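This is a predicted model, so every value here is computed, not measured.
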Amino acid sequence: MPERSLLDLTVRELLDAVAARTSAPGGGAAAALTTALAAALTGMAARYGIPVPPLPDPDGTRLPADALAAIAERADALRVRAAALADADADAYAAYLTALRLPREDPLRATAVAGARSGAAAVPSEIAELGDAVSELALGLRHRGNPNLQGDVVAAVLLAAAATTTAAALVGENLGPDPRTDRARERASEASDRAHRATGRG
């Protein structure tokens, strides 16, 4: 039988799987799922920002209902993609281990290892991109969404920033000095800056 997706595990099973003495799930899967959680919080906060029935906004400080609906829809798309990367990260790492186990005398081993390492870096690179996007989306709700959901919005920004920073570190571990590492670190810096702004420290 095929292995179960991480998304099909109970929370308890997922935590046990991460804690087990196995190579995966590890930091990449944790970053992907954290990004998905941040996106889920963003979607919830956006939906709660849409008043039912519509309420007057004399100061014009609240985002209009159509803008909030668009944020919720975008957050849902980011959540679905980020969640899928939890399994993709484990698959990419397994492919890397398979390449490493090739006989050292195999003339194709070096190429296989390099390709698998690049593939393993591609997943956290995308996680960093998604986390950066989630942090930006969530920050947009910080002062223009439902005031009762501000704690959840801050949590979304902080979680997204942490996931982006984690993913960038993993890209660096896989690739070392590389334009992809630089870009992931730029995204982590941007997300961290939003975290400071969300908490009033920047």
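- Look at Asp106 and Arg101 and you find no salt bridge, because none of the NZ, NE, NH1 or NH2 atoms lies under 4.0 Å from a carboxylate O.
- The two atoms that bring Gly49 and Asn146 nearest to each other are CA-CB, 3.8 Å, heavy atoms only.
- In this structure, Leu137 is a member of the same hydrophobic cluster as Leu85, with clusters built from ILVMFWY side-chain heavy atoms closer than 4.5 Å.
- Evaluation of the salt bridge (Lys or Arg N to Asp or Glu O under 4.0 Å) rule for Glu126 yields Arg81 as partners, not counting sequence neighbours.
- Within a 6.0 Å radius of CZ in Arg109, more than 12 heavy atoms belonging to other residues, nucleotides or ligands are found.
- Judged by distance alone, the side chain of Thr34 and the main-chain N or O of Ala30 form a donor-acceptor pair under 3.5 Å.
- The two residues Val134 and Ala160 have their closest heavy-atom pair at CG1-CB, 3.9 Å.
- In terms of modelled atom types and a separation under 3.5 Å, the side chain of Ser118 and the main chain of Gly115 share no donor-acceptor contact.
- Of all heavy-atom pairs spanning Ala120 and Ala92, the tightest one is CA-CB, 3.8 Å.
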(request) Apply the test side chain to side chain contact (heavy atoms under 4.5 Å, CB included) to residues Asp76 and Arg47: give CA-CA distance (whole Å), side-chain angles for both, the deciding distance (0.1 Å), then the verdict. (result) CA-CA 11 Å; Asp76 289 346; Arg47 290 185 173 91; 2.4 Å; yes

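- Listed for the Thr164 side chain is no donor-acceptor partner under 3.5 Å among the backbone atoms of Ala191.
- At a cut-off of 3.5 Å, with distance as the only test, a side-chain donor of Ser5 or Asp87 sits close to an acceptor on the other residue.
- If you take CD1 on Ile71 and CG on Leu78, they are separated by 11.5 Å, rounding to the nearest 0.5 Å.
- The salt bridge (Lys or Arg N to Asp or Glu O under 4.0 Å) search around Arg180 returns Asp178, not counting sequence neighbours.
- Counting heavy atoms from C-beta on, the side chains of Tyr96 and Val113 come closer than 4.5 Å.
- Contact of the Leu14 side chain with the Leu33 side chain is registered, since non-hydrogen atoms from C-beta on lie closer than 4.5 Å.
- Hydrophobic clustering of Ile, Leu, Val, Met, Phe, Trp and Tyr side chains at less than 4.5 Å, counting indirect connections, keeps Val123 apart from Val171.
- The heavy-atom pair separating Ala167 from Pro124 by the smallest distance is CB-O, 3.3 Å.
- Counting only distance, with no hydrogens or angles, the side chain of Thr181 and the backbone of Pro177 share no donor-acceptor pair below 3.5 Å.
- Listed by chain and number, the residues in a salt bridge (Lys or Arg N to Asp or Glu O under 4.0 Å) with Glu186 are Arg183 (sequence neighbours excluded).
- A donor-acceptor pair shorter than 3.5 Å can be found between the side chains of Ser135 and Arg194.
- Clustering ILVMFWY residues whenever any of their side-chain heavy atoms sit less than 4.5 angstrom apart, transitively, puts Leu6 in a cluster other than the one holding Val80.
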(request) List the steps, then state whether salt bridge (charged side-chain N to carboxylate O under 4.0 Å, His left out) holds for Asp193 with Arg197. (result) CA-CA 6 Å; Asp193 178 66; Arg197 289 157 59 192; 3.4 Å; yes

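- In this structure Glu13 satisfies the salt bridge (Lys or Arg N to Asp or Glu O under 4.0 Å) test together with Arg4, sequence neighbours excluded.
- When all heavy atoms of Gly43 and Ala72 are compared, the pair lying nearest together is O-CB, 4.1 Å.
- Separating the OG1 atom in Thr42 from the CG atom in Leu37 is a distance of 10.5 Å, to the nearest 0.5 Å.
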(request) Starting from the C-alpha separation in whole Å, work towards a yes-or-no answer on side chain to side chain contact (heavy atoms under 4.5 Å, CB included) for Leu141 and Leu68. (result) CA-CA 9 Å; Leu141 296 170; Leu68 290 165; 3.5 Å; yes

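- Taking Ile, Leu, Val, Met, Phe, Trp and Tyr as hydrophobic and joining them when side-chain heavy atoms fall under 4.5 Å apart, one finds Leu102 isolated, its cluster having no other members.
- Criterion: ILVMFWY side-chain heavy atoms under 4.5 Å apart, direct or through other members. Under it, Leu159 and Leu149 are part of a common hydrophobic cluster.
- Put simply, the side chain of Asp89 does not reach to within 4.5 Å of the side chain of Pro25, judged on heavy atoms.
- Using a 4.5 Å heavy-atom threshold, the side chains of Val153 and Leu41 count as separate.
- The side chain to side chain contact (heavy atoms under 4.5 Å, CB included) test applied to Leu15 returns Val11, not counting sequence neighbours.
- Contact between Ala138 and Val157 at its shortest, heavy atoms only, is CB-CG2, 3.5 Å.
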